[in-house]
There are 2 protein chains.
Amino acid sequence: MKTSVPVPKTAAELRQAIVERYDSLSKRLQLIARHALDHPDDFALQTLAVISARSGAQPSAIVRFSKTFGFSGASDMQRLFRDSLVSSNAALGYGERVRRFGAQLQGSRSHGVAALLQEFVDGSALALQSLAQTVGEGDLERAIELLKAADTVFVAGFRRAFPVASYLAYSLQQAGKRTSFVDGVAGLSAHQVKNIRTTDALLAVSYRPYAPETVQLVEAAAAAGTPILAISDSPVSPIARLSTRLLLVREMEVRSFRSLAASLCLAQALAIGFAFIQSAGAHGSRRRGSLK
Amino acid sequence: MKTSVPVPKTAAELRQAIVERYDSLSKRLQLIARHALDHPDDFALQTLAVISARSGAQPSAIVRFSKTFGFSGASDMQRLFRDSLVSSNAALGYGERVRRFGAQLQGSRSHGVAALLQEFVDGSALALQSLAQTVGEGDLERAIELLKAADTVFVAGFRRAFPVASYLAYSLQQAGKRTSFVDGVAGLSAHQVKNIRTTDALLAVSYRPYAPETVQLVEAAAAAGTPILAISDSPVSPIARLSTRLLLVREMEVRSFRSLAASLCLAQALAIGFAFIQSAGAHGSRRRGSLK
DNA sequence: TCAAATCTGGAAGAAATATTCCAGACTTCG
DNA sequence: CGAAGTCTGGAATATTTCTTCCAGATTTGA
């Protein structure tokens, strides 16, 4: 090919390259360039035939266009557009990088432990971004309402979900809610919710692979007609399906380990949101620092 | 096909249909359903072969899945996912979210609870960023060495630090480390470390205002000559000054509440870094999923 | 326990999509 | 005006990707 310029590595780079070289392009190629800039979505996920029809250029012209910018073919260029579509949806463009982490599973500690930390930071940041999108406007509010209506909130979560559950139990307690933490000490988790009533609520946290204890608790509560607020990773998880309200957290996988940052973040928002609403309803001012 | 239910016309409809019919699906089809719900991006724009690899089902199974929901084939279903990808992206807009970040920095709670979540997301993300800078290259490695050298690791942390401590205890245990979680049940925390030896190690997590139990434990361990790994928020905190190794976490304050995301993230990096090094030293291959 | 029904994975075939090629049209410049 | 160089569109080809099919495995029910 005529060009020896570096192949764009990101959608942003490609955009810039298109703008810069726009003038030097031939008529048809300019047409395509315009379309690429104006309708990146088309470019990202339509077939060549469709793009061709919409832009008024031939498929072959699109391939030529791609090659002009150093790609091996049109498919190659489309990948870039697609990546940007996903990553802009999820976060800052880290998307692809994080995904590759999974791909290079076996790369292991060649880059040292510090790199591992960085990976977790990236993964967690990504999960946080998606959290804001996943949890809709009213979801959190309704979840808080459920807690507010309960006489006593039973909080359960084991294994990986235990930290989240323990934080929630602690925070809600601090916020002045009658809270019972089902910590499963001495294997008594079943006993601890034995006397749960329909006026109470169960706050269950569980991620795949779902701890059987939690599932059982949820099933028992559901059977008893107790409202259930679930924090889980899939709408079809055993506990989500039985829940009254569901807060969905999609954690990122880093080297096949899921992060927890987003879950904790959500838990905080839940607990502190509860505290605010609670106190706002009771009296205008309240102690802010109580949960510190 | 067996189904005469109306074909989903939007991604939302499809999601709902998947959730509703999840139970009646076969095992493989449930696997795919789960993947569709959890990784819609993959489904939207990856090729069947890729989705197949990531979800663990065969391409043909994906086609079957699609037909179960009334589509003529997998491509037909993918179109729906793609459409939603575009529209959700367009609805948000690139700069829109970024603009909101700044706008609501100081925004009071007039924007409701959803804004609160966003604040926590932002705060946590910031904390994560600074984490990568605060924790230096060798810090994590040396911390891991300390754990590795210990016969038994005692993990302690109360109040706000409890979730972090419990996660660490759980993960290290999973990684094959002899771990004792000082959970303070029945106020016995002092007893639980009574027999700690110099060949053990104490992993203490504490943030201001430092829980007296933790401080006491650290003081006792220090007096006994036991190596101490501290996770704390200041180099001059009571537990940091007595520690052998220190991992510093600066959490962001959101509305006078400190986030926990960075701490959890660090804890994960520590635990999983330990797992990697441990297993790398012991034997070449190991079970990766043990901590999932 | 066995038989019927259903589900699964792989391979062969079908369809779609992308790429190459080239004759003819267009532009540029002497 | 004419030749050299470049660009274009469409058809032929190559490749990727999807779908169908079916024998064997698994599950279900009696």
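In this text the structure is predicted, and so the values were computed from the model without any measurement.
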Counting distance only, does the side-chain N/O of A/Arg142 pair as donor-acceptor with the main-chain N or O of A/Arg245 below 3.5 Å?
-> no
All pairs passing ring pair (Phe, Tyr, Trp, His ring centres under 6.0 Å) where residues 46-65 of chain A contributes a residue, at least two apart |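 Checked against ring pair (Phe, Tyr, Trp, His ring centres under 6.0 Å) - neighbours excluded - the pairs reaching residues 46-65 of chain A are A/Phe65-A/Phe69.
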What ring pair (Phe, Tyr, Trp, His ring centres under 6.0 Å) pairs are there with at least one residue in residues 36-61 of chain B, not counting sequence neighbours?
-> B/His35-B/His39, B/Phe43-B/Phe81
Once you round it to whole Å, what is the distance between [atom2] of [N] and [atom1] of [X]?
{"X": "A/Leu29", "N": "D/dC7", "atom1": "CG", "atom2": "P", "result": "8 Å"}
{"X": "B/Phe65", "N": "C/dC7", "atom1": "CZ", "atom2": "P", "result": "14 Å"}
{"X": "A/Leu31", "N": "D/dT8", "atom1": "CG", "atom2": "C1'", "result": "13 Å"}
{"X": "A/Ile62", "N": "D/dC7", "atom1": "CD1", "atom2": "P", "result": "17 Å"}

Sequence neighbours excluded - salt bridge (charged side-chain N to carboxylate O under 4.0 Å, His left out) pairs with any residue from residues 42-61 of chain A |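 Listed by first then second residue: A/Asp42-A/Arg54.
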Would you please name every residue forming a side chain to side chain contact (heavy atoms under 4.5 Å, CB included) with [X], sequence neighbours left out?
{"X": "B/Leu37", "value": "A/Pro235, A/Val236, B/Arg15, B/Ile18, B/Val19"}
{"X": "A/Ala221", "value": "A/Leu202, A/Thr226, A/Ile228"}
{"X": "B/Thr179", "value": "B/Val155, B/Ala169, B/Leu172, B/Gln173, B/Lys177"}
{"X": "B/Lys9", "value": "B/Val7, B/Glu13"}

Using five pairs at either end of the helix from C/dT1-D/dA30 to C/dG30-D/dC1, determine the angle between the two local helix axes and round it to 10 degrees.
->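 Terminal axis comparison yields 30°.
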By salt bridge (charged side-chain N to carboxylate O under 4.0 Å, His left out), which residues pair with A/Arg197, not counting sequence neighbours?
-> none
Base-contact (B) and sugar-phosphate-only (S) positions in nucleotides 17-25 of chain D, heavy-atom cut-off under 4.0 Å, - elsewhere | SSBB-----
Taking OP1 and OP2 of D/dT6, is either one under 4.0 Å from a side-chain nitrogen or oxygen of A/Ser26?
->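 A/Ser26 to D/dT6 OP1/OP2: no side-chain N or O under 4.0 Å.
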Would you please confirm or rule out a distance under 4.0 Å between OP1 or OP2 of C/dT8 and any side-chain N or O of B/Gln58?
->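 Answer is no, no contact under 4.0 Å.
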Side chains of A/Ser263 and A/Glu251: is there a donor and an acceptor less than 3.5 Å apart?
-> yes
Can you name the residues that form a ring pair (Phe, Tyr, Trp, His ring centres under 6.0 Å) with A/Tyr207, not counting sequence neighbours?
->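 Expected list: none.
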Would you tabulate the pairs of protein nitrogen or oxygen atoms and nucleotide nitrogen or oxygen atoms of nucleotides 24-29 of chain C closer than 3.5 angstrom?
none

